[in-house]
J.: 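What follows is a structure written as structure tokens; I'll ask about it next.
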Amino acid sequence: MKLPGPDHPIAITANPKRIRVLADGVVIADTQKALTLKEASYPAVQYLPREDAHMELLQRTDRVTHCPYKGDASYFSINANGKTLDNAIWTYETPFPAMAEISGYLAFYPDKVKIEEVA
């Protein structure tokens, strides 16, 4: 486990905007409680609470990856309009203590879904 610091900063902030995620035109998640995670020089990632996602459209996969700063990530595929988007979502169900705020939240690959800010 590594701790965020000056050499690898990680900031988590509440996003004041409404975030909607669509897959093939189907709304997968819609929330006003997104968290924005900014890690080092990577693009910011929106993490959405599970209660604001249509979990019935998601299917857990066997994929697991490890981040030395956040912990082990589990993955979900999305089933929408008869299409499956494999491993389109990742989640840290039991992240390291420094990242506890994102526990159980969902993050989406922007090349697999449309992530939009809603006015």
Side-chain angles (χ1 to χ4, degrees):
M1 174 175 58
K2 293 184 179 181
L3 293 174
D7 60 326
H8 193 95
I10 300 177
I12 301 170
T13 56
N15 186 332
K17 298 183 179 175
R18 180 176 165 200
I19 302 295
R20 183 166 49 201
V21 178
L22 299 101
D24 197 37
V26 176
V27 175
I28 305 302
D30 190 338
T31 190
Q32 291 184 289
K33 297 179 270 180
L35 298 174
T36 302
L37 185 144
K38 181 68 178 116
E39 180 176 359
S41 61
Y42 301 117
V45 174
Q46 300 302 314
Y47 280 79
L48 284 66
R50 286 186 189 206
E51 64 264 18
D52 293 335
H54 291 283
M55 295 300 292
E56 71 277 7
L57 300 175
L58 310 185
Q59 181 176 358
R60 183 180 295 276
T61 71
D62 292 333
R63 180 173 169 81
V64 176
T65 58
H66 180 77
C67 171
Y69 294 93
K70 295 185 287 290
D72 292 330
S74 300
Y75 289 76
F76 287 90
S77 292
I78 299 170
N79 298 302
N81 282 341
K83 299 176 185 171
T84 300
L85 300 171
D86 292 324
N87 297 310
I89 299 169
W90 74 92
T91 182
Y92 291 94
E93 294 172 328
T94 53
F96 292 143
M99 298 288 109
E101 197 171 356
I102 62 168
S103 176
Y105 277 62
L106 304 173
F108 299 78
Y109 282 103
D111 60 334
K112 295 187 179 199
V113 299
K114 180 178 182 182
I115 302 169
E116 60 185 19
E117 289 184 351
V118 182

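The shown structure was predicted, so the numbers you read here are calculated from the model rather than taken from an experiment.
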J.: In Å, rounded to the nearest 0.5 Å, how long is the span from CH2 of Trp90 to CZ of Phe76?
T.: 13.5 Å

J.: Counting heavy atoms not belonging to Asp7, are there more than 12 under 6.0 Å from its CG?
T.: yes

J.: Let me confirm one number: the CD-CD1 distance from Gln59 to Ile89, rounded to the nearest 0.5 Å.
T.: 11.5 Å

J.: So, for Pro68 and Phe96, which heavy atoms are closest and what is the spacing to 0.1 Å?
T.: O-CE1, 3.4 Å

J.: Between Asp86 and Thr61, is the side chain to side chain contact (heavy atoms under 4.5 Å, CB included) condition met? List the steps.
T.: CA-CA 8 Å; Asp86 292 324; Thr61 71; 5.9 Å; no

J.: Do Tyr105 and Tyr75 land in one hydrophobic cluster if side-chain heavy atoms of ILVMFWY residues count as linked below 4.5 Å?
T.: yes

J.: Can you tell me which residue pairs pass the salt bridge (Lys or Arg N to Asp or Glu O under 4.0 Å) test with a partner in residues 46-57, sequence neighbours excluded?
T.: Lys33-Glu51, Lys33-Asp52, Arg50-Glu93

J.: With under 30° as parallel and over 60° as perpendicular, where do the rings of Tyr92 and Tyr47 fit, or are they tilted in between?
T.: tilted

J.: Atom CD1 of Ile28 and atom CG of Leu106: how far apart are they, to the nearest 0.5 Å?
T.: 11.0 Å

J.: Applying side-chain contact (heavy atoms from CB on, under 4.5 Å) between Ile12 and each of Thr36, Val45, Ile102, report the one that passes.
T.: Ile102

J.: Distance check, rounded to the nearest 0.5 Å: Glu101 atom CD versus Leu37 atom CG?
T.: 9.0 Å

J.: Decide if atom CD of Gln32 counts as having more than 12 heavy atoms of other residues, nucleotides or ligands within a radius under 6.0 Å.
T.: no

J.: Say you draw a straight line from OG of Ser77 to CG of Leu85; how long is it, rounded to the nearest 0.5 Å?
T.: 8.0 Å

J.: Look at atom NZ of Lys38 and say whether more than 12 heavy atoms of other residues, nucleotides or ligands are closer to it than 6.0 Å.
T.: yes

J.: So, does Ser103 use its side chain to make a donor-acceptor pair with the main chain of Thr94 at under 3.5 Å?
T.: no

J.: Measure the spacing between OG1 of Thr91 and CG of Asp72 and express it to the nearest 0.5 Å.
T.: 12.0 Å

J.: Applying a strict under-4.5 Å side-chain criterion to I, L, V, M, F, W and Y, I'd like to know whether Leu35 and Ile19 cluster together.
T.: no

J.: Testing Thr84, Leu58, Val26 for side-chain contact (heavy atoms from CB on, under 4.5 Å) with Ile78, which one passes?
T.: Leu58

J.: Kindly assign one of parallel, tilted or perpendicular to the pair Tyr69 and His8, based on the angle between their ring planes and the thresholds 30° and 60°.
T.: parallel

J.: Is it true that Met55 and Leu48 fall in one hydrophobic cluster, defined by side-chain heavy atoms closer than 4.5 Å?
T.: yes

J.: Could you pull out the closest heavy-atom pair between Ala23 and Ala80, with the gap in Å?
T.: O-CB, 3.7 Å

J.: Verify, without hydrogens or angle tests, whether Lys17 (side chain) and Ala34 (backbone) share a donor-acceptor contact under 3.5 angstrom.
T.: no

